[in-house]
J.: 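Please read through the structure below; I'll follow up with questions.
All heavy atoms count here, side chains included; hydrogens, waters and symmetry mates do not.
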Amino acid sequence: MFDAKKTSFQASRVKWLLLRARFLLLTGALFLAFHAVGNSLDAVPSAPGWYSVPASALENVCPPATTEYDFRGNCRNVIAAWNGGIADTKLNRLLIWGGGHTDYAGNEVYAFDVNSLRMQRLNDPSPINSSSKCVETLSDDKPNSRHTYAGLAYIAHVHRMFSFGGSLNQCGFLGNATWTLDLDTLQWKNMKPEGGTPAALPGVIADYDLNSRSVFLHDTVDFWQYDYDRNRYRKVGTDEPINYHMNGVIDPKRKMFFIMGAAGSAGGGLKAISIVPGSNYSIRDWSISALATCGPLLTASYPGLAYDSVIDRIVGWPNLGDRVYLFDPDTKTCTSETFSGGPPDSSHQNGTFGRFRYFPDKDVFVLVNQVGSNVYTLRLNASTKVESH
């Protein structure tokens with residue numbers, strides 16, 4: 001027998017369920033848009049050159065302002081205030097972390113996913129440091145915001161981000177703590193290692209060595225090696241100061257640590273350190289040999305540097321323009337490649353650090369230059385790749 005009331009109720013319930021589903025889809029989309037923005041493409045274009053990834057600016061995923069702090073208004077300083085990044089080559093992500101001093105109080109971590117071409121904010125900022133003191137650790141046991149300089153590295157064999165030192169929020173004093181971030185759980189740990197402590201100075205440079213499975217770090221005075229598995233530092237080079245406007249990269253094939261930037265200023269130029277086991281770890285100055293062909297790269301402050309394993313070259317971006325430099329350690333010279341449509345000149349002039357990285361699985365470089373600009377990718381010419389073999 002036809003039951004009008006029951007039929008009407010069922011129709012109303014179906015309508016309600018459809019409306020609820022639409023609401024959940026809408027709110028879910030809004031949530032995703034808040035935390036991740038970028039292109040719907042699933043691959044970087046195969047043609048050589050620069051590519052501006054649409055709708056990928058970091059500012060689109062900054063935290064909202066709260067009554068406690070204007071995160072969104074100050075988030076530009078995640079990039080502008082002397083901060084770096086790492087290449088998470090396991091998941092193909094460029095991670096960015098930093099803030100510090102009076103520039104930015106947030107300690108959240110950002111990631112550009114090279115697989116999906118999306119910019120993401122991986123977590124929310126901690127309760128900010130509301131004191132006037134330069135605290136190392138915040139109330140939730142996570143690190144205080146800081147200028148990270150080139151003091152970040154990717155510890156590949158344990159899938160962690162390494163951080164040393166930095167200019168702390170709020171007063172700007174330099175810290176000397178070693179932190180690591182578990183990239184699977186996003187849990188921070190203050191390592192408190194044994195064996196000594198690098199100096200708390202601006203411009204620290206760190207990079208991970210695949211061969212020794214350790215981080216090498218220059219604190220602008222001394223050279224250190226950090227063993228995560230033993231949680232121990234070892235000072236391997238002493239009293240060889242470098243300029244604090246430089247960046248560094250390890251060449252794993254030649255087992256060399258290269259430091260570049262600030263040529264023309266005391267301690268700047270191109271420095272080379274052998275990290276072969278048993279080395280004396282002394283600095284060799286290659287500036288004179290390289291300056292004629294690598295000039296703009298070596299004179300830049302905190303240039304972007306990355307080792308390209310396919311062409312076996314150090315590739316550098318001098319903080320502006322369409323041109324990149326390919327440094328050959330065997331000849332101590334550079335060649336260059338220029339592609340139109342490159343990143344806009346940096347509006348903050350505070351360097352690139354580790355925000356220019358190479359991803360070997362994709363054979364592509366990724367650059368984050370300004371908080372309000374798109375992420376850029378770069379492929380080198382196919383002829384360059386062929387000629388290198």
Side-chain angles (χ1 to χ4, degrees), residues 79-87 98 147-153 164-167 174 198-199 201-208 216-224 237 240-251 256-273 275 283-308 313-321 323-329 332-336 343 345-358 365 367-370:
I79 302 296
W82 299 279
N83 294 305
I86 64 166
H147 301 339
T148 53
Y149 302 104
L152 304 179
F164 174 80
S167 176
L174 278 297
L201 294 168
V204 165
I205 301 168
D207 201 14
Y208 176 75
F216 283 91
L217 180 149
H218 204 296
D219 64 13
T220 73
V221 176
D222 298 321
F223 195 47
W224 298 78
E240 290 191 291
I242 60 171
N243 194 282
Y244 74 93
H245 295 89
M246 305 178 81
N247 193 13
V249 61
I250 286 176
D251 177 338
M256 298 288 293
F257 192 111
F258 294 110
I259 303 173
M260 303 184 189
S265 300
L270 170 56
K271 315 296 183 184
I273 305 173
I275 56 173
I283 288 180
R284 286 174 275 174
D285 193 333
W286 290 4
S287 304
I288 294 176
S289 300
L291 197 58
T293 55
C294 308
L297 180 64
L298 299 190
T299 56
S301 293
Y302 314 116
L305 300 171
Y307 174 74
D308 184 329
R313 297 289 186 272
I314 306 297
V315 179
W317 186 67
N319 303 331
L320 55 88
R323 180 172 297 179
V324 291
Y325 292 83
L326 284 61
F327 175 65
D328 182 349
K332 302 184 181 69
T333 60
C334 286
T335 57
S336 65
D345 291 357
S346 173
S347 62
H348 49 74
Q349 302 301 318
N350 289 338
T352 302
F353 302 100
R355 302 190 314 274
F356 175 80
R357 294 287 184 174
Y358 177 68
F365 296 86
L367 169 67
V368 176
N369 182 39
Q370 298 187 57

J.: Using the side chain to side chain contact (heavy atoms under 4.5 Å, CB included) rule, take Ile283 and Ile242 through it: C-alpha gap first, then chi angles, then the decisive distance, then the call.
T.: CA-CA 9 Å; Ile283 288 180; Ile242 60 171; 3.7 Å; yes

J.: Within a strict 4.5 Å, meaning less than it, do heavy atoms of the Leu367 and Arg357 side chains meet?
T.: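 SC-SC contact between Leu367 and Arg357 ruled out.
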
J.: Enumerate donor-acceptor pairs with a distance under 3.5 Å from any side-chain N or O in residues 294-301 to protein atoms, sequence neighbours excluded.
T.:
| unit_1 | atom_1 | unit_2 | atom_2 | d |
| --- | --- | --- | --- | --- |
| Thr299 | OG1 | Gly295 | O | 3.0 |
| Thr299 | OG1 | Pro296 | O | 3.4 |

J.: Just verifying a value: how many Å separate His218 NE2 and Ile273 CD1, rounded to the nearest 0.5 Å?
T.: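 Rounded to the nearest 0.5 Å, the NE2-CD1 separation comes out at 5.0 Å.
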
J.: Could you pull out the closest heavy-atom pair between Trp317 and Arg323, with the gap in Å?
T.: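 For Trp317 and Arg323, the tightest heavy-atom pair comes out as CD1-O, 3.5 Å.
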
J.: Please work out whether the ring planes of Phe365 and Phe356 are parallel, tilted or perpendicular, with thresholds of 30° and 60°.
T.: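 Taking Phe356 first and then Phe365, their aromatic rings lie parallel (interplane angle under 30°).
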
J.: If the condition is side-chain hydrogen bond (donor to acceptor under 3.5 Å, both in side chains), which residues does Ser289 pass it with, not counting sequence neighbours?
T.: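 Scan of Ser289 (side-chain hydrogen bond (donor to acceptor under 3.5 Å, both in side chains), adjacent residues dropped) gives none.
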
J.: Restricting to non-hydrogen atoms, name the atom on Gly321 and the atom on Pro343 that form the minimum distance, rounded to 0.1 Å.
T.: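 Looking at all heavy atoms of both residues, the closest pair is O-CD, 3.9 Å.
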
J.: Do Pro202 and Leu174 touch side chain to side chain, with heavy atoms closer than 4.5 Å?
T.: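 When only atoms from C-beta onward are counted, Leu174 and Pro202 do touch, with a gap below 4.5 Å.
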
J.: Taking the side chain as every heavy atom from C-beta outward, state whether Val204 and Tyr149 have any pair of such atoms under 4.5 Å apart.
T.: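 Answer no - side chains too far apart.
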
J.: Run the side-chain hydrogen bond (donor to acceptor under 3.5 Å, both in side chains) test against Tyr325 and tell me which residues pass, sequence neighbours left out.
T.: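 side-chain hydrogen bond (donor to acceptor under 3.5 Å, both in side chains) list for Tyr325, sorted by chain: empty.
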
J.: Is there side-chain contact between Lys271 and Asp285, with at least one heavy-atom pair below 4.5 Å?
T.: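 Result yes, sub-4.5 Å side-chain heavy-atom pair found.
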
J.: Will you find, in the side chains of Asp328 and Thr333, an N or O donor that is under 3.5 Å from an N or O acceptor?
T.: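 No - no donor-acceptor pair under 3.5 Å links their side chains.
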
J.: Nearest 0.5 Å, please: how far is OG1 in Thr148 from CZ in Arg355?
T.: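 If I round to the nearest 0.5 Å, the distance is 8.5 Å.
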
J.: Do side-chain atoms of Asn243 reach the backbone of Ala262 as a donor and acceptor pair under 3.5 angstrom?
T.: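 No, the answer is negative, given that no donor and acceptor are paired below the 3.5 Å cut-off.
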
J.: Do Thr352 and Tyr302 touch side chain to side chain, with heavy atoms closer than 4.5 Å?
T.: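 No - every pair of side-chain heavy atoms lies 4.5 Å or more apart.
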
J.: Looking only at heavy atoms, which two atoms of Leu305 and Met260 are closest? And how far apart?
T.: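 Looking at all heavy atoms of both residues, the shortest contact is CD2-SD, 3.8 Å.
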
J.: Are Met256 and Arg284 packed together at the side-chain level, in the sense that at least one heavy-atom pair is separated by less than 4.5 angstrom?
T.: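 Side chain of Met256 against side chain of Arg284, heavy atoms only: contact under 4.5 Å found.
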
J.: To the closest 0.5 Å, what do you measure between CG (Asn350) and CH2 (Trp82)?
T.: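 Atom-to-atom, Asn350:CG and Trp82:CH2 are 4.5 Å apart.
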
J.: With a 4.5 Å cut-off on side-chain heavy atoms, are Val249 and Asn247 touching?
T.: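 They are not in contact (no side-chain heavy atoms under 4.5 Å apart), so the answer is no.
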
J.: When rounded to the nearest 0.5 angstrom, what is the spacing between CD1 in Ile79 and CZ in Phe353?
T.: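 Ile79 CD1 to Phe353 CZ: 11.0 Å, rounded to 0.5 Å.
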
J.: Taking all non-hydrogen atoms of both residues into account, name the closest pair between Thr220 and Gly203 and its distance.
T.: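 It is CG2-O, 3.5 Å.
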
J.: Could you tell me whether the side chains of Asp308 and Tyr358 share a donor-acceptor contact shorter than 3.5 Å?
T.: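 The criterion, which ignores hydrogens and geometry beyond distance, is satisfied for Tyr358 and Asp308.
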
J.: Test side chain to side chain contact (heavy atoms under 4.5 Å, CB included) on Glu240 and Val221; report intermediate values, then the result.
T.: CA-CA 5 Å; Glu240 290 191 291; Val221 176; over 6 Å; no

J.: So which heavy atom on Ala290 is nearest to which on Phe327, and how close?
T.: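 Residues Ala290 and Phe327, closest heavy atoms: CB-CE1, 4.4 Å.
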
J.: Would you find a donor on one side and an acceptor on the other, under 3.5 Å apart, between the side chain of His147 and the backbone of Gly166?
T.: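 The answer is no, because no donor-acceptor pair under 3.5 Å joins these two groups.
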
J.: Do the side chains of Met246 and Ile205 get nearer than 4.5 Å, heavy atoms only?
T.: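 Yes, at least one pair of side-chain atoms sits under 4.5 Å.
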
J.: Show your reasoning for whether ring-ring contact (aromatic ring centres under 6.0 Å, His included) applies to Trp286 and Phe258.
T.: CA-CA 10 Å; Trp286 290 4; Phe258 294 110; 5.5 Å; yes

J.: List the steps, then state whether side chain to side chain contact (heavy atoms under 4.5 Å, CB included) holds for Ile250 with Ile275.
T.: CA-CA 9 Å; Ile250 286 176; Ile275 56 173; 3.9 Å; yes

J.: Do you know which two heavy atoms are closest between Ile314 and Asp251, and how far apart they sit?
T.: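 So the minimum-distance heavy-atom pair works out to CD1-CB, 4.3 Å.
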
J.: Measure from the ring center of Phe257 to the ring center of Phe223 and say whether it is less than 6.0 Å.
T.: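 Yes, the ring centres sit under 6.0 Å apart.
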
